[in-house]
Amino acid sequence: MRGVWIPSTDCKVLTSKQRIATAMDFLADTGFNTVFPVVWNRGFTAYRSQIMREQFGVEIDSRYQGRDPLAELIVEANRVGLKVIPWFEYGFVSSYNLNGGHLLAKKPEWAARDRTGKLLKKNNFEWMNSLDPEVQDFLLSLMLEVAKNYPVHGVQGDDRIALPCEGGYDAKTVENYRQQCGREPPANPREQHWLHWRADIITEFVARLYRELKAINPDLLLSMSPSPYEWGLVEYLQDSKSWVDRKLVDMIHPQFYRRDFNSYQQLVDRLVRQQFSSEQLQYVSPGILLANRGSSYCITPELLLEVIAYHRSCGIHGEVLFFYEALRDNHDALAKSLKNNPYFH
(Lines give C-alpha, C1' and ligand atoms only; values in the text may rest on other atoms or scores of the structure.)
Protein backbone atom coordinates (compact mmCIF):
# COMPACT_ATOMS: atom_id res chain seq x y z
CA MET A 1 0.00 0.00 0.00
CA ARG A 2 1.42 3.32 -1.14
CA GLY A 3 -1.52 5.59 -0.55
CA VAL A 4 -2.25 9.28 -0.32
CA TRP A 5 -5.25 11.28 0.88
CA ILE A 6 -6.73 13.93 -1.40
CA PRO A 7 -8.78 16.33 0.73
CA SER A 8 -10.71 19.40 -0.41
CA THR A 9 -9.39 21.57 2.43
CA ASP A 10 -6.04 23.22 1.60
CA CYS A 11 -5.96 21.18 -1.60
CA LYS A 12 -7.04 22.16 -5.11
CA VAL A 13 -6.94 18.78 -6.87
CA LEU A 14 -10.72 18.32 -7.07
CA THR A 15 -11.41 21.86 -8.31
CA SER A 16 -10.96 20.99 -12.00
CA LYS A 17 -10.67 18.02 -14.35
CA GLN A 18 -7.26 19.26 -15.48
CA ARG A 19 -5.92 19.43 -11.91
CA ILE A 20 -7.20 15.90 -11.27
CA ALA A 21 -5.42 14.59 -14.39
CA THR A 22 -2.16 16.33 -13.42
CA ALA A 23 -2.32 14.95 -9.88
CA MET A 24 -2.92 11.36 -11.02
CA ASP A 25 0.01 11.55 -13.46
CA PHE A 26 2.23 12.93 -10.71
CA LEU A 27 1.23 10.27 -8.15
CA ALA A 28 1.66 7.37 -10.56
CA ASP A 29 5.05 8.72 -11.60
CA THR A 30 6.13 9.03 -7.93
CA GLY A 31 5.25 5.38 -7.27
CA PHE A 32 1.91 5.55 -5.44
CA ASN A 33 -0.67 2.85 -6.11
CA THR A 34 -3.81 4.01 -4.24
CA VAL A 35 -5.63 7.32 -3.81
CA PHE A 36 -8.18 8.20 -1.15
CA PRO A 37 -10.17 11.18 -2.50
CA VAL A 38 -12.57 12.92 -0.14
CA VAL A 39 -16.23 12.42 -1.06
CA TRP A 40 -18.06 13.48 2.13
CA ASN A 41 -17.32 16.53 4.23
CA ARG A 42 -19.04 19.63 5.67
CA GLY A 43 -22.39 17.90 5.11
CA PHE A 44 -22.00 17.60 1.31
CA THR A 45 -20.82 15.03 -1.21
CA ALA A 46 -18.18 15.37 -3.95
CA TYR A 47 -20.25 13.10 -6.20
CA ARG A 48 -23.85 13.23 -7.39
CA SER A 49 -25.86 11.68 -4.60
CA GLN A 50 -29.49 10.70 -5.06
CA ILE A 51 -29.72 10.09 -1.29
CA MET A 52 -28.59 13.63 -0.50
CA ARG A 53 -30.98 15.03 -3.10
CA GLU A 54 -33.94 13.11 -1.66
CA GLN A 55 -33.18 13.76 2.01
CA PHE A 56 -31.61 17.24 1.95
CA GLY A 57 -32.32 18.68 -1.49
CA VAL A 58 -28.61 19.03 -2.32
CA GLU A 59 -27.21 16.59 -4.86
CA ILE A 60 -23.56 17.70 -4.68
CA ASP A 61 -21.32 20.26 -2.94
CA SER A 62 -22.02 23.62 -4.63
CA ARG A 63 -18.29 23.93 -5.41
CA TYR A 64 -18.72 21.12 -7.96
CA GLN A 65 -21.98 22.18 -9.60
CA GLY A 66 -22.25 20.74 -13.10
CA ARG A 67 -19.40 18.27 -12.50
CA ASP A 68 -18.78 14.96 -10.75
CA PRO A 69 -15.23 15.07 -9.30
CA LEU A 70 -15.33 11.44 -8.16
CA ALA A 71 -16.28 10.20 -11.66
CA GLU A 72 -13.57 12.40 -13.21
CA LEU A 73 -10.94 11.18 -10.76
CA ILE A 74 -11.78 7.50 -11.35
CA VAL A 75 -11.26 7.94 -15.11
CA GLU A 76 -7.87 9.63 -14.63
CA ALA A 77 -6.72 7.20 -11.92
CA ASN A 78 -7.62 4.20 -14.08
CA ARG A 79 -5.69 5.71 -16.96
CA VAL A 80 -2.46 5.58 -14.94
CA GLY A 81 -3.19 2.41 -12.95
CA LEU A 82 -4.09 3.87 -9.54
CA LYS A 83 -6.72 2.28 -7.28
CA VAL A 84 -9.45 4.57 -5.95
CA ILE A 85 -10.95 4.21 -2.46
CA PRO A 86 -13.29 7.15 -1.72
CA TRP A 87 -12.82 8.65 1.73
CA PHE A 88 -15.84 9.63 3.86
CA GLU A 89 -13.87 12.20 5.82
CA TYR A 90 -16.64 13.62 7.99
CA GLY A 91 -18.20 10.27 8.97
CA PHE A 92 -20.79 11.05 11.64
CA VAL A 93 -19.79 14.72 11.91
CA SER A 94 -22.45 17.12 10.66
CA SER A 95 -20.52 20.39 10.56
CA TYR A 96 -17.53 22.43 11.66
CA ASN A 97 -18.38 25.47 13.77
CA LEU A 98 -21.83 25.82 12.17
CA ASN A 99 -24.02 24.59 15.03
CA GLY A 100 -24.85 21.39 13.14
CA GLY A 101 -25.13 22.98 9.70
CA HIS A 102 -27.83 22.14 7.19
CA LEU A 103 -28.02 18.44 8.18
CA LEU A 104 -29.13 19.11 11.77
CA ALA A 105 -31.22 22.11 10.73
CA LYS A 106 -33.34 19.66 8.72
CA LYS A 107 -33.05 16.71 11.16
CA PRO A 108 -32.56 18.11 14.70
CA GLU A 109 -33.45 14.69 16.13
CA TRP A 110 -30.18 13.36 14.65
CA ALA A 111 -28.04 15.50 16.96
CA ALA A 112 -25.65 13.89 19.44
CA ARG A 113 -26.01 15.27 22.98
CA ASP A 114 -23.60 15.67 25.86
CA ARG A 115 -24.46 15.25 29.55
CA THR A 116 -25.97 18.74 29.76
CA GLY A 117 -28.22 18.08 26.74
CA LYS A 118 -26.23 20.39 24.48
CA LEU A 119 -25.30 19.58 20.89
CA LEU A 120 -22.11 17.50 21.10
CA LYS A 121 -19.12 19.52 19.98
CA LYS A 122 -15.45 18.57 20.19
CA ASN A 123 -12.56 20.52 18.63
CA ASN A 124 -15.21 22.67 16.87
CA PHE A 125 -16.76 19.65 15.11
CA GLU A 126 -20.48 19.15 15.72
CA TRP A 127 -21.73 15.58 15.76
CA MET A 128 -24.70 13.57 14.63
CA ASN A 129 -25.64 10.75 17.00
CA SER A 130 -23.59 7.79 15.74
CA LEU A 131 -25.51 5.48 18.11
CA ASP A 132 -28.88 6.24 16.48
CA PRO A 133 -29.99 3.56 13.96
CA GLU A 134 -31.48 6.23 11.67
CA VAL A 135 -28.20 8.18 11.54
CA GLN A 136 -26.29 4.94 10.97
CA ASP A 137 -28.65 4.04 8.10
CA PHE A 138 -28.00 7.43 6.52
CA LEU A 139 -24.19 7.22 6.54
CA LEU A 140 -24.26 3.56 5.50
CA SER A 141 -26.51 4.43 2.57
CA LEU A 142 -24.05 7.09 1.35
CA MET A 143 -21.11 4.70 1.52
CA LEU A 144 -23.01 1.93 -0.25
CA GLU A 145 -24.30 4.40 -2.86
CA VAL A 146 -20.70 5.06 -3.93
CA ALA A 147 -19.85 1.34 -3.86
CA LYS A 148 -22.85 0.52 -6.09
CA ASN A 149 -22.65 3.41 -8.55
CA TYR A 150 -18.92 3.89 -9.16
CA PRO A 151 -16.17 1.47 -10.26
CA VAL A 152 -14.14 1.92 -7.04
CA HIS A 153 -11.92 -0.54 -5.16
CA GLY A 154 -13.62 0.07 -1.83
CA VAL A 155 -14.68 2.77 0.62
CA GLN A 156 -12.96 4.36 3.60
CA GLY A 157 -14.13 5.60 6.96
CA ASP A 158 -11.78 7.45 9.30
CA ASP A 159 -11.51 8.79 12.84
CA ARG A 160 -15.09 10.09 12.60
CA ILE A 161 -16.68 6.65 12.32
CA ALA A 162 -16.84 7.27 16.01
CA LEU A 163 -18.47 9.37 18.71
CA PRO A 164 -16.66 11.60 21.21
CA CYS A 165 -16.97 9.80 24.54
CA GLU A 166 -18.87 12.81 25.94
CA GLY A 167 -21.85 11.82 23.71
CA GLY A 168 -24.67 9.33 24.10
CA TYR A 169 -26.76 11.32 26.58
CA ASP A 170 -29.70 11.90 24.20
CA ALA A 171 -33.08 10.54 25.31
CA LYS A 172 -33.12 7.65 22.81
CA THR A 173 -29.68 6.28 23.76
CA VAL A 174 -30.31 6.76 27.50
CA GLU A 175 -33.56 4.77 27.22
CA ASN A 176 -31.79 1.98 25.28
CA TYR A 177 -29.10 1.77 27.96
CA ARG A 178 -31.72 1.65 30.73
CA GLN A 179 -33.61 -1.17 29.03
CA GLN A 180 -30.54 -3.23 28.18
CA CYS A 181 -28.50 -2.65 31.34
CA GLY A 182 -31.09 -1.82 33.99
CA ARG A 183 -29.34 1.37 35.10
CA GLU A 184 -28.82 5.01 34.29
CA PRO A 185 -25.83 6.14 32.21
CA PRO A 186 -23.17 7.37 34.64
CA ALA A 187 -22.17 11.02 34.80
CA ASN A 188 -18.57 10.02 34.02
CA PRO A 189 -18.48 9.43 30.23
CA ARG A 190 -15.33 7.28 30.58
CA GLU A 191 -16.83 4.82 33.08
CA GLN A 192 -15.84 1.41 31.67
CA HIS A 193 -19.22 -0.30 31.23
CA TRP A 194 -20.87 2.75 29.64
CA LEU A 195 -17.80 3.37 27.44
CA HIS A 196 -17.70 -0.20 26.09
CA TRP A 197 -21.48 -0.44 25.66
CA ARG A 198 -21.38 2.57 23.31
CA ALA A 199 -18.16 1.48 21.57
CA ASP A 200 -19.80 -1.89 20.83
CA ILE A 201 -22.65 -0.11 19.00
CA ILE A 202 -20.10 1.56 16.71
CA THR A 203 -18.29 -1.77 16.21
CA GLU A 204 -21.62 -3.31 15.14
CA PHE A 205 -22.04 -0.47 12.64
CA VAL A 206 -18.62 -1.34 11.16
CA ALA A 207 -19.64 -5.01 11.04
CA ARG A 208 -22.81 -4.14 9.16
CA LEU A 209 -20.96 -1.85 6.76
CA TYR A 210 -18.49 -4.68 6.04
CA ARG A 211 -21.30 -7.21 5.43
CA GLU A 212 -23.32 -4.93 3.17
CA LEU A 213 -20.28 -3.82 1.19
CA LYS A 214 -19.30 -7.44 0.53
CA ALA A 215 -22.90 -8.21 -0.49
CA ILE A 216 -22.52 -5.65 -3.31
CA ASN A 217 -19.22 -7.17 -4.38
CA PRO A 218 -16.95 -9.42 -2.28
CA ASP A 219 -13.88 -7.81 -3.87
CA LEU A 220 -14.69 -4.34 -2.51
CA LEU A 221 -12.38 -3.35 0.33
CA LEU A 222 -13.37 -1.73 3.60
CA SER A 223 -10.60 0.61 4.68
CA MET A 224 -10.62 2.38 8.04
CA SER A 225 -8.36 5.10 9.35
CA PRO A 226 -9.03 5.38 13.09
CA SER A 227 -7.25 7.31 15.80
CA PRO A 228 -4.46 5.31 17.49
CA TYR A 229 -5.71 2.58 19.81
CA GLU A 230 -6.33 2.76 22.84
CA TRP A 231 -6.69 6.53 22.89
CA GLY A 232 -9.29 6.28 20.10
CA LEU A 233 -11.38 3.91 22.22
CA VAL A 234 -11.36 6.07 25.34
CA GLU A 235 -11.83 9.42 23.58
CA TYR A 236 -13.91 8.44 20.52
CA LEU A 237 -15.42 4.99 21.25
CA GLN A 238 -13.40 3.46 18.39
CA ASP A 239 -12.52 -0.09 19.34
CA SER A 240 -10.27 -0.57 16.32
CA LYS A 241 -8.53 -3.59 17.86
CA SER A 242 -11.88 -5.42 17.88
CA TRP A 243 -12.45 -4.45 14.25
CA VAL A 244 -9.23 -6.20 13.27
CA ASP A 245 -9.71 -9.14 15.66
CA ARG A 246 -13.19 -9.76 14.25
CA LYS A 247 -12.00 -9.29 10.64
CA LEU A 248 -14.43 -6.42 10.00
CA VAL A 249 -11.91 -4.43 7.96
CA ASP A 250 -9.69 -5.28 5.00
CA MET A 251 -7.23 -2.47 5.65
CA ILE A 252 -6.53 -0.28 8.63
CA HIS A 253 -4.57 2.97 8.62
CA PRO A 254 -4.20 4.24 12.20
CA GLN A 255 -3.46 7.95 12.16
CA PHE A 256 0.07 8.03 13.58
CA TYR A 257 0.30 11.81 13.21
CA ARG A 258 3.48 12.44 15.21
CA ARG A 259 6.15 14.99 14.38
CA ASP A 260 9.33 13.34 15.63
CA PHE A 261 10.76 9.86 15.17
CA ASN A 262 10.72 8.76 18.81
CA SER A 263 7.02 9.39 19.38
CA TYR A 264 6.20 7.81 16.01
CA GLN A 265 8.33 4.77 16.86
CA GLN A 266 6.48 4.34 20.18
CA LEU A 267 3.13 4.07 18.38
CA VAL A 268 4.48 1.51 15.90
CA ASP A 269 6.12 -0.53 18.68
CA ARG A 270 2.90 -0.62 20.70
CA LEU A 271 0.97 -1.70 17.60
CA VAL A 272 3.44 -4.46 16.71
CA ARG A 273 4.07 -5.76 20.23
CA GLN A 274 0.74 -5.36 21.99
CA GLN A 275 -2.12 -4.83 19.56
CA PHE A 276 -1.77 -6.94 16.45
CA SER A 277 -0.30 -10.34 15.64
CA SER A 278 2.25 -10.68 12.84
CA GLU A 279 -0.56 -12.15 10.70
CA GLN A 280 -2.75 -9.09 11.36
CA LEU A 281 0.06 -6.73 10.36
CA GLN A 282 -0.67 -7.45 6.72
CA TYR A 283 -3.84 -5.33 7.09
CA VAL A 284 -1.95 -2.37 8.58
CA SER A 285 -0.52 0.61 6.72
CA PRO A 286 -0.32 3.56 9.11
CA GLY A 287 -1.24 7.13 8.27
CA ILE A 288 1.74 9.52 8.25
CA LEU A 289 1.30 13.27 8.68
CA LEU A 290 3.22 15.12 5.96
CA ALA A 291 1.88 18.58 6.68
CA ASN A 292 -0.53 20.56 8.78
CA ARG A 293 -1.39 23.87 7.16
CA GLY A 294 -2.88 25.24 10.38
CA SER A 295 0.47 25.05 12.15
CA SER A 296 2.67 25.36 9.04
CA TYR A 297 4.25 21.99 9.95
CA CYS A 298 5.89 20.01 7.16
CA ILE A 299 7.76 16.73 7.61
CA THR A 300 11.36 16.59 6.38
CA PRO A 301 12.29 14.11 3.66
CA GLU A 302 14.75 12.54 6.14
CA LEU A 303 12.07 11.88 8.76
CA LEU A 304 9.64 10.51 6.17
CA LEU A 305 12.23 8.04 4.87
CA GLU A 306 13.23 7.06 8.41
CA VAL A 307 9.61 6.31 9.33
CA ILE A 308 9.02 4.23 6.18
CA ALA A 309 12.25 2.29 6.75
CA TYR A 310 11.10 1.59 10.32
CA HIS A 311 7.77 0.26 9.00
CA ARG A 312 9.58 -2.21 6.76
CA SER A 313 11.88 -3.35 9.56
CA CYS A 314 8.80 -4.14 11.69
CA GLY A 315 6.96 -6.08 8.97
CA ILE A 316 4.62 -3.22 7.99
CA HIS A 317 4.49 -3.14 4.21
CA GLY A 318 2.75 0.13 3.44
CA GLU A 319 1.53 3.54 4.54
CA VAL A 320 -0.93 6.27 3.59
CA LEU A 321 0.29 9.85 3.51
CA PHE A 322 -1.65 12.92 4.62
CA PHE A 323 -1.81 14.71 2.27
CA TYR A 324 -1.32 15.35 -1.46
CA GLU A 325 -0.35 19.05 -1.47
CA ALA A 326 2.62 18.43 0.85
CA LEU A 327 4.18 16.26 -1.87
CA ARG A 328 4.25 19.33 -4.13
CA ASP A 329 5.81 21.69 -1.57
CA ASN A 330 9.43 22.82 -1.97
CA HIS A 331 9.64 21.77 -5.63
CA ASP A 332 8.21 18.29 -4.93
CA ALA A 333 10.91 17.54 -2.34
CA LEU A 334 9.01 14.78 -0.50
CA ALA A 335 7.82 13.15 -3.73
CA LYS A 336 11.37 13.12 -5.13
CA SER A 337 12.75 11.44 -2.03
CA LEU A 338 10.02 8.75 -2.19
CA LYS A 339 10.57 8.17 -5.89
CA ASN A 340 14.32 7.83 -5.49
CA ASN A 341 14.15 5.40 -2.64
CA PRO A 342 11.27 3.42 -1.10
CA TYR A 343 8.84 3.93 -4.01
CA PHE A 344 11.37 3.38 -6.76
CA HIS A 345 9.83 1.24 -9.51
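Any value given below was found using the heavy atoms of this structure, including those in side chains, with hydrogens, waters and symmetry copies removed.
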Nearest heavy-atom neighbours spanning Ser240 and Ile252
CB-CD1, 3.9 Å
Using the side chain to side chain contact (heavy atoms under 4.5 Å, CB included) rule, pick out the option among Asp239, Leu271, Val234, Leu267 that qualifies with Tyr229.
Asp239
What's the shortest heavy-atom distance between Tyr169 and Ala187, and which atoms?
OH-O, 3.5 Å
Between Asp114 (side chain only) and Lys118 (backbone N and O only), is there a donor and an acceptor less than 3.5 Å apart?
yes
Is the closest basic N to carboxylate O distance between Lys122 and Glu235 below 4.0 Å?
yes
When every non-hydrogen atom of Leu142 is compared with those of Ser49, the smallest separation belongs to CD2-OG, 3.7 Å
State whether Phe26 and Arg328 meet the cation-pi test: NZ (Lys) or CZ (Arg) under 6.0 Å from the six-membered ring centroid, and within 45° of the perpendicular axis.
yes
Just by modelled atom types, is the Phe92 backbone N or O under 3.5 Å from a matching donor or acceptor in the Arg160 side chain?
no
Should the pair Trp5 and His253 be assigned to parallel (<30°), tilted (30 to 60°) or perpendicular (>60°) ring geometry?
perpendicular
Answer whether the closest heavy-atom distance between the side chains of Ser8 and Arg63 falls below 4.5 Å.
yes
Could you tell me whether the side chains of Gln274 and Asp269 share a donor-acceptor contact shorter than 3.5 Å?
no
Does a side-chain N-to-carboxylate-O contact under 4.0 Å join Arg208 and Glu212?
yes
Given side chains that start at C-beta, do those of Val58 and Arg53 come closer than 4.5 Å, heavy atoms only?
no
Minimum side-chain heavy-atom gap Val35-Lys83 below 4.5 Å:
no
Heavy-atom check, side chain of Gln265 versus side chain of Arg270, under 4.5 Å
no
Shared hydrophobic cluster for Val284 and Trp231 (ILVMFWY, side-chain gaps under 4.5 Å):
yes
So, do Trp197 and Tyr177 have ring centers that fall under 6.0 Å from each other?
yes
Is it the case that the side chain of Asn33 and the backbone of Arg2 share a donor-acceptor pair, with hydrogens and angles ignored and the cut-off at 3.5 Å?
yes
Apply side chain to side chain contact (heavy atoms under 4.5 Å, CB included) to residues Leu103 and Phe56 and explain how you reach the verdict.
CA-CA 7 Å; Leu103 299 178; Phe56 294 97; 3.7 Å; yes
Honestly, is Arg258 close enough over Tyr264, meaning NZ or CZ under 6.0 Å from the six-membered ring centre and within 45° of the axis?
no
Taking atom types as modelled and ignoring hydrogens, do the side chains of His317 and Gln282 form a donor-acceptor contact shorter than 3.5 angstrom?
no
Report the C-alpha separation of Tyr297 and Arg259 in whole Å, then their side-chain angles, then the decisive distance to 0.1 Å, and conclude whether the side chain to side chain contact (heavy atoms under 4.5 Å, CB included) test is met.
CA-CA 9 Å; Tyr297 166 76; Arg259 299 179 183 199; 3.4 Å; yes
Evaluate the side-chain proximity of Thr45 to Asp61: yes if any heavy-atom separation is below 4.5 Å, no if none is.
no
Hey, what do you get for NZ (Lys214) to CG (Leu209), rounding to the nearest 0.5 Å?
10.5 Å
Atom pair CG/CG of Leu131 and Asn176 - distance to nearest 0.5 Å
9.0 Å
Show, in sequence, the C-alpha distance, side-chain angles and deciding distance for Asp332 and Lys339, and conclude whether the salt bridge (charged side-chain N to carboxylate O under 4.0 Å, His left out) test is met.
CA-CA 10 Å; Asp332 308 340; Lys339 188 179 173 181; over 6 Å; no
According to a hydrophobic-cluster definition based on side-chain heavy atoms being under 4.5 Å apart (Ile, Leu, Val, Met, Phe, Trp, Tyr only), do Leu281 and Leu248 belong together?
yes
Cation over ring, Arg246 on Trp243, under 6.0 Å and within 45°?
no
What is the distance from atom CG of Leu98 to atom CZ of Phe125, rounded to the nearest 0.5 Å?
11.0 Å
Checking the side chain of Glu145 only, and the main-chain atoms of Gln50 only, is there a donor and an acceptor separated by less than 3.5 Å?
yes
If you group Ile, Leu, Val, Met, Phe, Trp and Tyr by side-chain heavy-atom gaps below 4.5 Å, do Leu303 and Phe322 land in one group?
yes
Quick check on the hydrophobic clustering: are Val13 and Phe44 connected, directly or via other members, by side-chain heavy-atom contacts under 4.5 Å?
no
Side-chain (Ser285) to main-chain (Val320) donor-acceptor, under 3.5 angstrom:
no
Under a 3.5 Å distance rule, please check whether Asp260 uses its side chain to pair with a backbone N or O of Ser263 as donor and acceptor.
yes
Tell me, with the steps shown, if Asp329 and Arg293 meet salt bridge (charged side-chain N to carboxylate O under 4.0 Å, His left out).
CA-CA 12 Å; Asp329 288 347; Arg293 294 297 195 239; 3.0 Å; yes
When rounded to the nearest 0.5 angstrom, what distance separates OG1 in Thr203 from CG in Leu237?
9.5 Å
Any heavy-atom pair between the side chains of Asp158 and Gln238 that's under 4.5 Å?
no
Are Tyr324 and Phe32 an aromatic pair by the rule of ring centers under 6.0 Å?
no
Donor-acceptor under 3.5 Å (Glu325 side chain, Lys12 main chain):
yes
Does the side chain of Pro228 come within less than 4.5 Å of Phe256's, by heavy atoms?
yes
If the plane angle is over 60° it's perpendicular, under 30° parallel, otherwise tilted; pick one for Trp110 and Phe138.
tilted
Looking only at heavy atoms, what is the nearest atom pair of Cys181 and His193, with distance?
SG-CE1, 3.6 Å
Look only at the side chain of Glu126 and the backbone of Lys121, and say whether a donor-acceptor pair between them is shorter than 3.5 Å.
no
Pairwise side-chain contact, Val146 with Tyr47, heavy-atom cut-off 4.5 Å (strictly under)
yes
Enter the distance from Glu76:CD to Gln18:CD here, rounded to the nearest 0.5 Å.
8.0 Å
After noting the C-alpha distance and the side-chain angles of Gln65 and Ile60, does the key distance pass the side chain to side chain contact (heavy atoms under 4.5 Å, CB included) rule?
CA-CA 7 Å; Gln65 214 61 57; Ile60 193 167; 4.1 Å; yes
Counting only N and O atoms by type, is there a donor-acceptor contact under 3.5 Å from the side chain of Arg113 to the main-chain atoms of Gly167?
no
Testing the basics here: between Gly232 and Ser227, what is the closest heavy-atom pair and its distance to 0.1 Å?
CA-CB, 3.9 Å
Above 12 or not: heavy atoms from other molecules or residues under 6.0 Å from CZ of Arg273?
no
Could you please spell out the steps behind the side chain to side chain contact (heavy atoms under 4.5 Å, CB included) verdict for Tyr283 and Asp250?
CA-CA 6 Å; Tyr283 306 115; Asp250 298 299; 5.7 Å; no
Would you sort out whether Trp127 and Tyr90 count as a ring-ring contact (aromatic ring centres under 6.0 Å, His included), showing the intermediate values?
CA-CA 9 Å; Trp127 286 76; Tyr90 263 46; 9.2 Å; no
Taking Leu305 as the starting point, is it possible to reach Leu321 by hopping between hydrophobic residues whose side chains are less than 4.5 Å apart?
no
Judged by atom type as modelled, is there a donor-acceptor pair below 3.5 Å linking the side chain of Arg67 to the main-chain atoms of Leu14?
yes
Kindly compute the distance separating OG (Ser95) from CG (Asn41), expressed to the nearest 0.5 Å.
12.0 Å
Indicate the atoms forming the closest heavy-atom contact of Trp40 with Gly91, along with that distance.
NE1-O, 3.0 Å
